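To keep things clear, I will list the structure first and then write my remarks on it.
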Amino acid sequence: MSGFARDLPFGATLIAPNLTRFRLWAPSQQHVAVEIEGQAAVAMMRSPEGWFEAEAPCGAGARYRYRLADGLAVPDPTSRAQADDVHGPSMVVDPRAYRWKHPAWRGRPWHETVLYELHAGTLGGFAGVQAALPGLAALGVTAVELMPINDFPGRRNWGYDGVLPFAPDRSYGTPEELKALVDGAHGLGLMIFLDVVYNHFGPDGNYLAAYAPGFFRDDITTPWGGAIDFRRPEIRRFFAENALYWLMEYRFDGLRFDAVHAISEADWLDEMAAEVRATVEPGRHVHLVLEHDGNVSAHLRGDFDAQWNDDAHHVLHVLLSGQRDGYYSDYAVAPADMLARCLAQGFAYQGERSAYRQGKPRGSPSDDLAPTAFVLFLQNHDQIGNRPFGDRLVEHADPEALEAAITLQLLCPQIPLIFMGEEAASRTPFLYFTDHHGELAKAVREGRRREFAGFEGFQPDETADAIPDPNAPQTFECCRPEADGEQGVRRRVLYAKLLALRAVVLMPQLEGAQAMAAHAAGVAGALARWRLADASVLTIACNLGPEPCPIEPPDGRLLFESRAGAGEQALHGQLEGRATVAFLEPPG
């Protein structure tokens, strides 16, 4: 087989080269017609449950909309592609038209994952990302993670304002170009993941409320808009099919599920994940990763592979930058102890009360989970893009301390995630950017400025106008990552060395690895040990503070030292400031 398709129960489905079936759930409507450009409108038959269906003589490339009883013409909410933008006509797509070069690809096991998160738009669309793949593979990356690509209004968006979950955004490329990107990654031995957003729709271009108002709840909201009603079987099916669509039709190797704590029906997550496992072909590796602010570890004992470890990021950020605003305040007391807990047990908060959350308990026990159940990062799109000026960690951390943290991240048995540009010490910001117009543009611009008005460190003499306008083209353009000269060259060499070491020494032994113990090292670091699959013991000691600290002398051979001489000093019971050392003790 060289073509793949997911037989969706809705939308436009080719049933012959010149015959398409259209199906729409519009329970608030009594009459709906499908209008195909160049043809007369075709009335759709309504079922008692509010499903409308019709067949029409058209094939791939046909442009169509649904006409509601009040005259409003709307795009297909399950459109596989848009002719132009979210308000325009949808297009009939032949999903089997692309001829795959690597149809037998079966992925890679989870423990081999080294993630590289990127924004397709800032790299020049799907073709630009594909051009960057050989360099990422050479660096030691094994999996590329695309920030959301589904259709959004305008030509630029940071990804989380999408409104048509099945349609790749036209500004990035066509469905065939996206498949070529996935195919090209597989040809290089790279997995490719997609970030999907099932907790809200963007503010412009979502017409669902016009014909399916029950799609949204009227009793709860999310920080980003109306809450989706996952109590309804039609909505559960809509999003389960979306996950399967990307995995089966586009052959993505994994999905990252954005902010699932905002999905009120948590059982749907496990139901969906179980269906994915039952549907994916035997022998094929597909990976499911959560972002969940609530640290609900139960999901990680089922069909999900891992969760982003926000706790570890937050405590590392506090130690590297000294910043204690907002949620970072929860990690400012005894951060070394918190870092040790993250390395040994995954979550720092496992039911303890969070002062930032008004004393409410957060999290659940995670000490029984494997280290690979956690994705460890020093930066990601949120932790940069949600800052007023999109500034990166390189602007706030001592370079040697940052290299010590990178060493910890890439040699730790947790799964590492690198945000685009980190490997080259990029100083270009990653800002929140959109392409809204009119009153919505004004509301987004002013809302962004109000959001940061009370932030500590936002100087009184800085006017609100200093915060970049999300809708200005330059706000997007300045986010393209660029290497930082000599520092960028040095940083890339460091990443390459560490990832090569991880691939040869650690990856083969990560499946079945377990944490042994961890404790604070001084006031700004930790020492942790893990027993690997072959019974060897990995010891990493990290000190992010400027002063040396005493440590228990490690056993085994020195794998790596982020500062010359730090390994020798560690054998004498002292770890230099701003240094990380790793030792490996053989089995037995």
Side-chain angles (χ1 to χ4, degrees), residues 116-119 122-123 147 158 310 312-329 331-332 335 339 376-410 416-433 448-449 451-470 472 474-495 524 542 544-546 562-563 577-580:
Y116 187 92
E117 186 190 23
L118 60 83
H119 185 278
T122 63
L123 295 187
M147 290 173 62
W158 83 314
D310 283 339
H313 166 272
H314 296 347
V315 71
L316 284 165
H317 188 92
V318 167
L319 288 168
L320 286 166
S321 71
Q323 295 173 354
R324 301 183 174 198
D325 295 357
Y327 47 73
Y328 291 129
S329 62
Y331 303 83
L339 176 59
L376 182 61
F377 45 87
L378 299 177
Q379 297 180 93
N380 62 36
H381 72 271
D382 267 333
Q383 305 305 332
I384 305 173
N386 284 334
R387 299 175 65 84
F389 301 104
D391 41 310
R392 293 172 177 258
L393 190 54
V394 69
E395 303 289 353
H396 304 284
D398 174 88
E400 287 189 327
L402 185 51
E403 291 182 356
I406 292 166
T407 302
L408 170 66
Q409 179 202 14
L410 299 187
L417 178 143
I418 303 161
F419 185 69
M420 61 175 189
E422 274 189 285
E423 79 285 2
S426 178
R427 293 181 180 274
T428 57
F430 185 75
L431 293 154
Y432 171 70
F433 49 84
R448 182 76 172 169
R449 290 167 178 172
E451 180 181 355
F452 297 112
F455 265 50
E456 185 177 343
F458 193 74
Q459 300 300 318
D461 59 342
E462 291 180 308
T463 68
D465 290 337
I467 297 179
D469 177 1
Q474 180 56 28
T475 301
F476 164 73
E477 292 295 336
C478 74
C479 293
R480 300 183 188 275
E482 297 178 359
D484 185 33
E486 292 183 7
Q487 177 78 340
V489 173
R490 173 181 168 177
R491 192 62 53 80
R492 189 175 178 89
V493 168
L494 175 64
Y495 273 85
C542 172
L544 300 179
S562 68
R563 289 183 63 181
R578 297 168 179 157
T580 293

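FYI, side chains are in, hydrogens and waters are out, and symmetry mates aren't considered; it's all heavy atoms of this structure. Model, not experiment: these values are computed from the prediction.
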Of all the heavy-atom pairs spanning [X] and [Y], show the shortest one and how long it is.
| X | Y | result |
| --- | --- | --- |
| Leu410 | Tyr495 | CD1-CD2, 3.6 Å |
| Phe389 | Pro429 | O-CB, 3.6 Å |
| Ala312 | Leu376 | CB-CD1, 3.4 Å |
| Arg480 | Leu123 | NH1-N, 4.4 Å |
| Arg448 | Ile467 | CG-CG2, 4.1 Å |
| Ala405 | Leu544 | N-CD2, 3.8 Å |

query = Less than 4.0 Å between a side-chain N and a carboxylate O, is that true for Glu400 and Arg563?
reply = yes

task = Inspect the contact between Arg578 and Glu403 and indicate whether a charged nitrogen and a carboxylate oxygen are less than 4.0 angstrom apart.
result = no

Judged by atom type as modelled, is there a donor-acceptor pair below 3.5 Å linking the side chain of [X] to the main-chain atoms of [Y]?
| X | Y | value |
| --- | --- | --- |
| Ser329 | Asp325 | no |
| Asp484 | Gln487 | no |
| Glu482 | Ser426 | no |
| Gln409 | Leu417 | yes |

query = For Pro335, which residues count as a side chain to side chain contact (heavy atoms under 4.5 Å, CB included) partner, sequence neighbours excluded?
reply = Val315, Leu319

request  = Please identify each residue that fulfils side chain to side chain contact (heavy atoms under 4.5 Å, CB included) with Gln379, with sequence neighbours left out.
outcome  = Ile384, Arg392, Leu393, Phe419, Glu422

When rounded to the nearest 0.5 angstrom, what distance separates [atom1] in [X] from [atom2] in [Y]?
| X | Y | atom1 | atom2 | value |
| --- | --- | --- | --- | --- |
| His313 | Leu378 | NE2 | CG | 7.5 Å |
| Trp158 | Tyr432 | CH2 | OH | 7.5 Å |
| Leu316 | Leu408 | CG | CG | 6.5 Å |
| Arg491 | Glu423 | CZ | CD | 10.5 Å |
| Phe433 | Glu477 | CZ | CD | 9.5 Å |
| Leu431 | Thr122 | CG | OG1 | 11.5 Å |

query = Do Phe377 and His317 have their ring centres less than 6.0 Å from each other?
reply = no

message = Aromatic contact between His381 and Phe430, with the criterion being ring centroids under 6.0 Å apart: yes or no?
response = no

task = List the steps, then state whether side chain to side chain contact (heavy atoms under 4.5 Å, CB included) holds for Met147 with Glu117.
result = CA-CA 7 Å; Met147 290 173 62; Glu117 186 190 23; 3.6 Å; yes

query = Testing Thr407, Leu402, Ile406 for side-chain contact (heavy atoms from CB on, under 4.5 Å) with Ser562, which one passes?
reply = Thr407

ask   = Distance only, no hydrogens: is a donor on one side chain within 3.5 Å (strictly under) of an acceptor on the other, for Gln323 and His396?
value = yes

